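Here's the structure we're looking at; comments come further down.
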Amino acid sequence: MNKNIVTRFAPSPTGMMHVGSLRTALYSYLWARHNGGKFILRIEDTDRERFVPGAIEQIVRTLNWAGFDYDEGPVLTSDGKIQERGQNGPYIQSKRTAIYREYTKQLIDHGHAYRCFCTREDLEAMRTDQQQRGVPPMYDRRCLQLTEQQIKQKLDQKTPYVVRLKVPRDGYTVFKDVIRKRVQFENKLVDDQVLLKSDGFPTYHLAVVIDDHLMGVTDIIRGEEWLSSTPKHIFLYQAFRWPVPSYAHLPLLVDRERKKLSKRRGDVAVDDYIKKGYLKDAILNFIVLLGWNPKTAEEIFTLPELVKRFELAQVHKAAAVFDLEKLNWVNGKYLRTLPVPRVRELSEQYLCSLPGYQDYRANTKFIEKAIALEQSRIKKLSDLPEAIGFFFSEKLDYDPAQLVWRKSDRPKTILAMQKALDRLELFTEADFVQAKLEPALLAFAKEQGIDNGTMFWPLRFALSGKERSPSPFEIMGVLGKTQSLRRIQSGLNRLKK
RNA sequence: GGCGCCAUCGUCUAGUGGUCUAGGACACUGCCCUCUCACGGCAGUAACCUGGGUUCAAAUCCCAGUGGCGCUGCCA
């Protein structure tokens, strides 16, 4: 517990939020809350070309959906507008360009950075040449040779330029990563990173360091793809004489081919999973376990439990495969604990286009009874229409031959169905519930000397039209006497033909 | 190519020198329940990347190789 801990989630608004980003956000959130510290949301929109309108709103909405409340950062007002909240704003980097420019000037003045007037073509040619010579492609510092007059002249001519970090060429940069322990890079292999682009916007490397420092971030939790650029960030902290924060580089999330999760091979957006009917808690529970576990046999955790138990230092080093099978299992686990009315609410969007559903729409009792039967049989909400469709429409499409149980035959089945029908007629509509039907019919079959399979398979099939379904008693309890008898009679008629 | 990170069942992982004939979960298989499916219960198959060291003893420490991934952009 360290109340001084400050973490942040700093996504780029370039589209839908990725499940990998969700995990980074989750770990950052958990670590802050676990310590009783602060959690900040910052938007890194310094690449104007990749900016997607609406993406910031989307990020905020996803964070709200997940329940990651943050102490500072952009929030959504009731009318859907972005509003900044917190003492260290703005939290959207494109609004902070003046800050970056000022600090860049400081770096230049102190000799930690320099202007580079090379064009993209110059750089391209330089890289090609370096590659042909088999040397590491790095900026050759030609603009560092420029005299003060030359620089002044170019500035007067309004020659576009970038500002580069002057990386020390000696020694090593060593830092401790919470997850990876000691990491070391040889300084002479670190390129003179562009800090300020010619459009006046900072690159990630400059903005991230300045903002993390100004916003008081103590623990940087980010994806492993940033590990190799950490030395550049450390140089900057040193140049500014700022304390270097703690780093935790998270292992990547990969697909079953061990490739970075990609759109081509499956869903990567959090929204894709929400749309498929995966529950929030299940997604978070599944995702937190991809790279971390509390070292017990337990697998199901609520967010508050995670806050209590999460430890950054326990996070794994190796990349984790995003395995849908396990997500399905976790989701099923959560689905089964949900109250039926809640499942109905959440499923409304999936059910509304179901044939016959509109006739029952107001009859929530009926819908909920149907859902209760299928709740343990589906993996996700979007499976529900397929599962309960037969309750709403009596137009069941099946081959009458399927009414015959595998160990039975047609004549026996016709007889069993007829007898069942006669017995069922004796029930009042009020008594037509599973608790009364099941013992009575079971006893009836026994007394008639009819196999359970011979009698109940065809009943169930006639009622549901499916090989796999809840028991006939359960279905009849939902459908009621009239509808149930009609379906069984219809099945019998079709079998007799 | 260079640099870096990583490496336990198919997957997520426990394991920090002896308690490992390597534990749990998902998936898979079988059994129980049962008219079917699901749920639930029980059982089973299945892994320490390879090669060298260090040590009385290595999944655990060191080195090399191999493989995977990341970075190598005026993207983040």
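Treat the numbers as computed from the prediction; the structure is a model and nothing was measured. Proteins come first, then strands; the chains are lettered A, B, ... in the order of their sequence lines, and each starts at number 1.
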Output yes when at least one side-chain N/O atom of [X] is less than 4.0 Å from OP1 or OP2 of [N], else no.
X	N	value
Thr46(A)	A76(B)	yes
Lys197(A)	C75(B)	yes
His316(A)	A14(B)	yes
Arg180(A)	G4(B)	no
Lys317(A)	C5(B)	no
Asn293(A)	A14(B)	yes
Arg256(A)	U11(B)	no
Arg50(A)	G73(B)	no
Trp457(A)	C35(B)	no
Lys326(A)	G24(B)	no

Please report the distance separating the [atom1] of [N] from the corresponding atom of [M], rounded so that it comes out in whole Å.
N	M	atom1	value
C6(B)	A14(B)	P	15 Å
U29(B)	G65(B)	P	43 Å
G2(B)	U21(B)	P	41 Å

Centre of Phe301(A)'s six-membered ring, under 6.0 Å away, within 45 degrees of the axis: is that where NZ or CZ of Arg309(A) sits? no
Look through every strand shown and name the nucleotide pairing with [N] as Watson-Crick or G-U wobble, where both distances are under 3.5 Å.
N	answer
G17(B)	none
A57(B)	none
C3(B)	G70(B)
U50(B)	A64(B)

Kindly indicate whether the side chain of Arg377(A) and the base of C37(B) share any N or O donor-acceptor pair separated by less than 3.5 Å? yes
Does the base of C74(B) carry an N or O that pairs as donor and acceptor with the side chain of Ser198(A) under 3.5 Å? yes
Are the charged groups of Asp281(A) and Lys333(A) less than 4.0 angstrom apart, N to O? no
So Trp292(A) and Phe310(A), would you call those rings parallel, tilted or perpendicular, with 30° and 60° as cut-offs? tilted
In terms of the nearest nucleotide of RNA chain B, which residue is placed more toward the 5' end: Leu289(A) or Arg336(A)? Leu289(A)
Full working for ring pair (Phe, Tyr, Trp, His ring centres under 6.0 Å) between Phe456(A) and Phe473(A): CA-CA 9 Å; Phe456(A) 302 126; Phe473(A) 319 110; 5.0 Å; yes
Asp399(A) atom CG, neighbour heavy-atom count above 12 within 6.0 Å: yes
